[in-house]
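Here is the structure we will look at.
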Amino acid sequence: MSIMQKLSSIAEQTSGLINESGSPIGSRIERVYSATEGDIGGSKKILVGTNNYLGLTFDKECIAAGHEAACQYGTGTTGSRMANGSYAEHLALESDLAEFYGVEHCIVFSTGYVANLGMICSLVGPENTIFLDEHCHASIYDGCKLSGATIIHFRHNNAADLDKRLRRLGDNSANALIITEGLYSMLGDKAALREIVEVKNKYDALLMLDEAHSLGVLGATGRGLAEELGVEDDIDFITGTFSKSLAGLGGFCVSRHSQLEAVRFSSRPYVFTASPSPATIGSVRAALRVMQARPELQKKLWDNATFLYHGLKAMGFELGPEIGPVIAVDAGEKENALFMWQALFDQGVYVNVVFPPATPNSSCLLRCSVSAAHSREQMQAVLDAFTQFKQLQSVTAAQA
Ligand code: PMP
């Protein structure tokens, strides 16, 4: 098949998924009114597909800080930090994050995807073995591929399986890198981190943890699952993103190991891409301050997540295994998932629809992401929309 034939075939398979007036994939969002409302498909929708966990995208302090940084440093950096230099704001954000995590070292990357790519391909190479949880995000998989290391998947959240596979490595286990996430992005469940840390220590391997979805969401001060479980000293490298709780764009890695600094020289995804814009860095620094100053946001987020999870469960929907700000509703086959998405959309609720292979099993998912900024009325409206879907489904089934 030629290159153009391949693209035509993809276009054929996906036709009808992307259009101008409200589509499930790549939806055109005309306006955003607040952290929880936007105009999609010609009318106001409740946004339940954003990863805007703390609802800070419209926070006045964050907007003002972004604005001020743009005025002071301009709209873009127009180059990479190694080639063109770091702005004082990049370095200040790295200090802020290192202080927040109580470690010495931090590197800011251009996105969370780039942080994972840049860290993994810099830490390991063809002489190493990576053990990664099978539910890990695409950015982790891509980093593993780029590194050239031997890749071994272990069963999701199964420390015994990890142990078995590491044991097989024999003396080389100290040369291994284990990778997991804190809160998994698709089903919203937490890593079995304590058990994984035990295995890591047993074999003297290194552990990298992606807290993309758990920063601001878990832990007494919002540092994530490692903080919640009291195992921060056992994690070698924590990566994360600014695009969720911190309502910006960019990624980072923090570590207590001084060797992290060497990554700036050895990581192609750090060296060969432009650094985040000043406005982005300014707003993220403000979001980090706001997050720490307002712990009630985390509480509100969990109240909303608990309300929605219990409500959907009571209606009989099959959900991810744990309550959390990512609530994944099993939507079955593609046709049913699209029908469900459309029914919710018509009721004024915008969620994400995810198809295999992006889902952990062969089922499609409706992925709801809850925000601290959602009101109880909005959460109730989401439940009402799911009720409407159920009614529509039974009418359609009766007509069939
Ligand atoms: N890690 C995980 C677990 C993610 O879910 C994502 C994005 N959804 C990323 C990394 C990438 O983050 P970013 O959007 O900042 O590139």
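Atom set for the values below is all heavy atoms of this structure, side chains included, hydrogens, waters and symmetry mates excluded. Every number for a ligand or one of its atoms is a count from 1 in the order of the listing.
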> Mind checking what makes salt bridge (charged side-chain N to carboxylate O under 4.0 Å, His left out) contact with Glu181, not counting sequence neighbours?
Replying inline: none
> Between Asp133 and Thr180, do the side chains contain an N or O donor and an N or O acceptor separated by less than 3.5 Å?
Replying inline: no
> Any chance the side chains of Asp189 and His135 put a donor and an acceptor closer than 3.5 Å?
Replying inline: no
Which atom pairs, nitrogen or oxygen on both sides, join ligand 1 and the protein at under 3.5 angstrom?
{"from": "ligand 1", "atom 1": "1 (N)", "to": "Asp210", "atom 2": "OD2", "distance (Å)": "2.6"}
{"from": "ligand 1", "atom 1": "5 (O)", "to": "His213", "atom 2": "NE2", "distance (Å)": "2.6"}
{"from": "ligand 1", "atom 1": "8 (N)", "to": "Lys244", "atom 2": "NZ", "distance (Å)": "2.8"}
{"from": "ligand 1", "atom 1": "14 (O)", "to": "Ser243", "atom 2": "OG", "distance (Å)": "3.2"}
{"from": "ligand 1", "atom 1": "15 (O)", "to": "Gly112", "atom 2": "N", "distance (Å)": "2.8"}
{"from": "ligand 1", "atom 1": "15 (O)", "to": "Thr241", "atom 2": "OG1", "distance (Å)": "2.6"}
{"from": "ligand 1", "atom 1": "15 (O)", "to": "Ser243", "atom 2": "OG", "distance (Å)": "3.2"}
{"from": "ligand 1", "atom 1": "16 (O)", "to": "Gly112", "atom 2": "N", "distance (Å)": "3.3"}
{"from": "ligand 1", "atom 1": "16 (O)", "to": "Tyr113", "atom 2": "N", "distance (Å)": "2.8"}

> Do His90 and Tyr73 have their ring centres less than 6.0 Å from each other?
Replying inline: no
> Are any of the side-chain nitrogens in Lys164 or Asp161 under 4.0 Å away from the carboxylate oxygens of its partner?
Replying inline: yes
> Roughly how far, to the nearest 0.5 Å, is NZ of Lys244 from NE2 of His213?
Replying inline: 4.0 Å
